[in-house]
Amino acid sequence: MIALLRKQRYFIDYTLGTMMRHKGKSLGLLSVYTLIIFMLASVMLFSHAMRSEAVALLANSPEIVVQRIQAGRSVMVPADYLQRIGKLRGVTEKRGRLWGYYYDPAVKANYTVMASEQDQLSITDIVIGEGIARTRGLSIGDYLTLRSHQGKAFSFRVLRLLESDSELISSDLLLMNPQGYRQLFGLDESLYTDLVLSVRNPREIQKIAEKLTRLLPDSRPILRSEILRTYESLFSWRQGVMLILLLGSVLAFVIFAWDKASGLSAEERKEIGILKAVGWETGEVMRMKFWEGVIISLMAFLIGYLAAYLHVFYTSAGLFEPVLKGWSVLYPRFQLTPSVDGLQLATLFFFTVLPYTLATIVPVWRTSITDPDLVMR
Amino acid sequence: MLIELTDVRKAFNQGKPNEFWAIQGITTQFEVNRISCLKGASGSGKTTLMSMIGCLSRPTSGRIRLQDRTISSLPERFLTQIRRHTFGFIFQRFNLIPGLSVVENIMLPAYPLGLKASRLRGRAERLLEQFLLADKASNPVEWLSGGEAQRVAICRALINDPQILIADEPTANLDSRLSREFMALLDQLSKAGKTVLISSHDPVVFDSPCVDRVVELEDGLMVAGER
Amino acid sequence: MLNPAILALLMVSVLVSTMLLVAAAFAFRILRHWDIQSGSELQLRLERRTYLVSTLLIWAFTFEFLSLLLFIYNAEALSGQFVGAMCATGVLNLNPWGWPTLFLKITLFFVAAIWLLLNYLDNRGYDYPLIRFKYALLLLALPLVVAETIVQWLHFTEMEPNLITSCCGTLFSADAQGVSAEVSGIAPANSILALAISGIVVIAAGVWVAMRGTSGWLLSITGAAAFVIALMAIISSISLYIYEHPHHHCPFCILKQGHGYVGYFLYIPLFLATALSLSAGFVSPWRKIVSLSQTVADVLPVISWLALFFFLQFYLTSAWSIWSSRLTMMEVWW
């Protein structure tokens, strides 16, 4: 047993030495391998972090959102729906919300405008996200002019900026007084965008939703748990799509690894021939090559994953920025909360180490069956 | 350890138009503790025969026995196990691995045995001392002269303390003085109890007084040296 | 379902099937042409190719084993995405393919363990005495692998996100129908007693086999029985103690973080122990083959002791989870 372990140590020593002697080749392979793992891991870490961020965000949102549906489209909810709901057992709080989008032609971007009651804003005050502040060059005390539904210009004073740790969602957010909101968009007192209900006991949610559809036949209750489920599958679906796109590069890498493993130089071939001649067995040469694979995979995995981790959580996925930025002018400057997931690590392993291993089996075997009497001929 | 060959044959490219029988039926014995030399022109089958005796390859038909064990039908895995305990090899072109130091080259055959590192190192150093190479132990092998490289190759062949030494055209890359020195070394080893098998077409080797028996091969058949 | 873990599982199963198909093609050639006495070039080529094929198979079975772990872990992780699923049970219940996939994966795990051990033995006999047997066995394993690939494919592609599934509460309940319900309905006292007896028997058999170095089948039979009884005991009573709930019988919820992942500490030793004891029965018959007798004499005790070690680990973990539980089952016990 101990002899067996010592044997493996000698093989590892030897293969490390060989890798050092053929530095160019090993480094080339290592860097491509690392790059592949870095890309895949970045995608996975990024979308996983986005999902956790979204889930964390939803944790504070109300359990039920009620929309009104008219001819299949969601429309404003009359305020008296709140009365029609009346007192439902289990509902701890119910209120109407006002929110929508405002297109600012000056920066060609949509702001998410929301009426806020907690902030006690006066009718001319607004609170804006960092993204808006950046693109419009606004700071506290400055005025932002928005055109109302009648074409009149309304000026609002920036009271404060939203904190940047929640910038991922607050970047394009603009909070204002409900009265100001109604005036800006020409909405009368009796309408809300939607209604929200808070329910303390999660087991009652389903029941309450059923009651709501009976009380308000033209409404559609949206449950937080449903949104969460949709998010979960949406994000893993997105991850899957990106992985499929990246699968092409994995395939390219596999071909590269195959090529590297089979394209032995005359010198390397002779080296294997000498080993075979002096008493190494086919299985032992394969073992030695196996350790080479383990060392390369381990190093590539560690370096690639670590780099991806730093990339996603410390530079906020800086390399993806140009891609994501295309989606929105008000690109948020955000910091994701580090999170690592075992399932993700395992999946990454299956997508990188497994193809690499498979790609090298046949070339390694071809090398290892070099005839031991080759060096005599 | 007695080596016994019975009607040994070896074919290459079997079943193809270019089928070629390198060895066409050899029956003989090689005795313990002797220096035997296989002599013949290149292409006469010396190397093929040596590689079969040395467990580097298997005969297509016929039987080879090593002491009381038939080795001709053993798969490679077990041939190798016998080979590394029984045979030491010295090749024509030394076949040292460049980039490794002298001592690392010498220890190569012992890695698969999984010996304790200190013991392995000790063995290698004793051999280096015996062959006057102690001061070169950590040099890269590229720095060695021809004679030194040959002695390193001998050390490598002896690291697992084999009973039989096989040398394939060992003097082809040596001048006559070094060749004679090499033969003297083999003589010493033979006196120390090793069985030696050399293949060569160099008169310095087969005419050397220390060679006990010369076997001559031609086109895969034995033409002289029968006893 | 384009979930990355699912993609990985599908990819692994397709690759493993391909590897086994390649190996099976080779197995046919071995069965037809293998002749160890011959030194012909065909024989030499076959011998060289055995290195490739057995390496391929070692990797295939390793990946298969990892995919069993990933499959269970993934089923746990997916349970959040389906209405009604609270753990892996709900996900496996989604369509008729879930459970067959799991069972095929488990069977393959045992088959793989046995095959790898036979391969190890064979490579130590100087005339490769088991080579035909082991490749014939491989041909039997091939349909399992292909079936697993197909069933798993169906399981993942037919996952309807809107389907409402039923979870462990309904499947593993004494009031329901079927095997799972009957197992859940076994009185805890009886199952614990059976667990204790099977434990004593398997350990006794293991010690006997390890000391004598023969009759591995004894360990195989007792090991298989101990495995089945252990699974029943987990469902009918051990789980109750872990959940500290007198009616929650699920064998999967114990894998959750909330229970300290104790399930992995139960299942992994149990499966390893069972795989080892099953292979013991496949080792000892070769004692009479000259080229293997020494290896069998060396290997059988090692396998037996290892199997015992893992069984013991399983029993101690079970005992510990019952001991440290705050659940007392007075009215059930007496």
Side-chain angles (χ1 to χ4, degrees), chain A residues 1 40 43-44 47-48 51 55 206 223 225-226 228-244 246-247 250 281-287 289-290 293 341-355 357-358 360-366 368-371, chain C residues 1-16 18-19 22 44-45 47-60 62-64 66-67 69-85 123-124 156 159-162 164 257 261 264 298 302:
Chain A
M1 193 64 199
L40 288 173
V43 168
M44 291 176 113
S47 49
H48 185 75
R51 176 173 58 184
V55 169
Q206 197 67 41
L223 309 185
S225 55
E226 261 172 29
L228 269 175
R229 227 182 336 262
T230 316
Y231 259 71
E232 285 276 331
S233 47
L234 182 73
F235 272 108
S236 57
W237 183 80
R238 266 196 200 162
Q239 241 186 43
V241 170
M242 286 209 257
L243 276 180
I244 286 191
L246 284 173
L247 233 49
V250 172
E281 200 255 324
T282 304
E284 285 154 356
V285 178
M286 290 180 87
R287 199 77 41 81
K289 287 279 171 189
F290 158 77
D341 174 42
L343 185 63
Q344 203 184 63
L345 268 174
T347 311
L348 186 62
F349 172 86
F350 274 112
F351 273 114
T352 52
V353 177
L354 183 146
T357 311
L358 285 184
T360 51
I361 288 179
V362 173
V364 160
W365 168 74
R366 278 234 179 89
S368 311
I369 56 164
T370 306
D371 276 326
Chain C
M1 293 300 291
L2 264 183
N3 178 309
I6 292 181
L7 282 179
L9 281 168
L10 292 177
M11 183 185 79
V12 170
S13 69
V14 169
L15 286 176
V16 168
T18 319
M19 288 158 94
V22 171
L44 295 185
R45 264 203 308 277
E47 274 176 32
R48 277 193 208 128
R49 201 154 277 256
T50 55
Y51 285 97
L52 174 65
V53 175
S54 63
T55 311
L56 221 52
L57 287 169
I58 290 171
W59 280 114
T62 312
F63 291 145
E64 190 58 49
L66 291 177
S67 92
L69 288 178
L70 185 66
F71 181 77
I72 292 173
Y73 197 87
N74 180 53
E76 283 290 329
L78 277 182
S79 58
Q81 293 181 27
F82 294 95
V83 183
N123 285 343
R124 258 146 203 78
F156 284 136
M159 274 187 171
E160 285 293 332
N162 302 321
I164 295 177
Q257 190 182 16
Y261 296 116
Y264 289 102
D298 292 343
V302 175

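Chain letters run A, B, ... following the sequence lines, proteins first, then strands; residues in each count from 1.
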Quick check on Thr282(A) against chain C: is it the side chain, the backbone, both or neither that has a heavy atom closer than 4.5 Å?
both
CZ-CE distance between Phe351(A) and Met11(C), expressed to the nearest 0.5 angstrom:
5.5 Å
Is the side chain of Trp365(A) donor-acceptor paired with the backbone N or O of Arg48(C) at a distance under 3.5 Å, no angle test?
yes
Go through Leu343(A), Thr347(A), Val364(A) and name the one with the most non-hydrogen pairs under 4.5 angstrom from chain C.
Leu343(A)
What part of Leu358(A) gets closer than 4.5 Å to chain C, counting heavy atoms only: side chain, backbone, both or neither?
side chain
Heavy-atom distances under 4.5 Å only: say whether Ala5(C) touches chain A with side chain, backbone, both or neither.
both
Output for pair (Leu10(C) CG, Phe156(C) CZ), nearest 0.5 Å, gives 6.0 Å
Give a yes or no answer on whether the side chain of Glu64(C) reaches the backbone of Val16(C) with a donor-acceptor pair at less than 3.5 Å.
no
Those residues that, when tested against Glu284(A), pass salt bridge (Lys or Arg N to Asp or Glu O under 4.0 Å) (two or more places apart)
Lys7(A), Arg84(B)
Which atoms of Leu15(C) come close to chain A, meaning under 4.5 Å heavy atom to heavy atom: side chain ones, backbone ones, both, or neither?
side chain
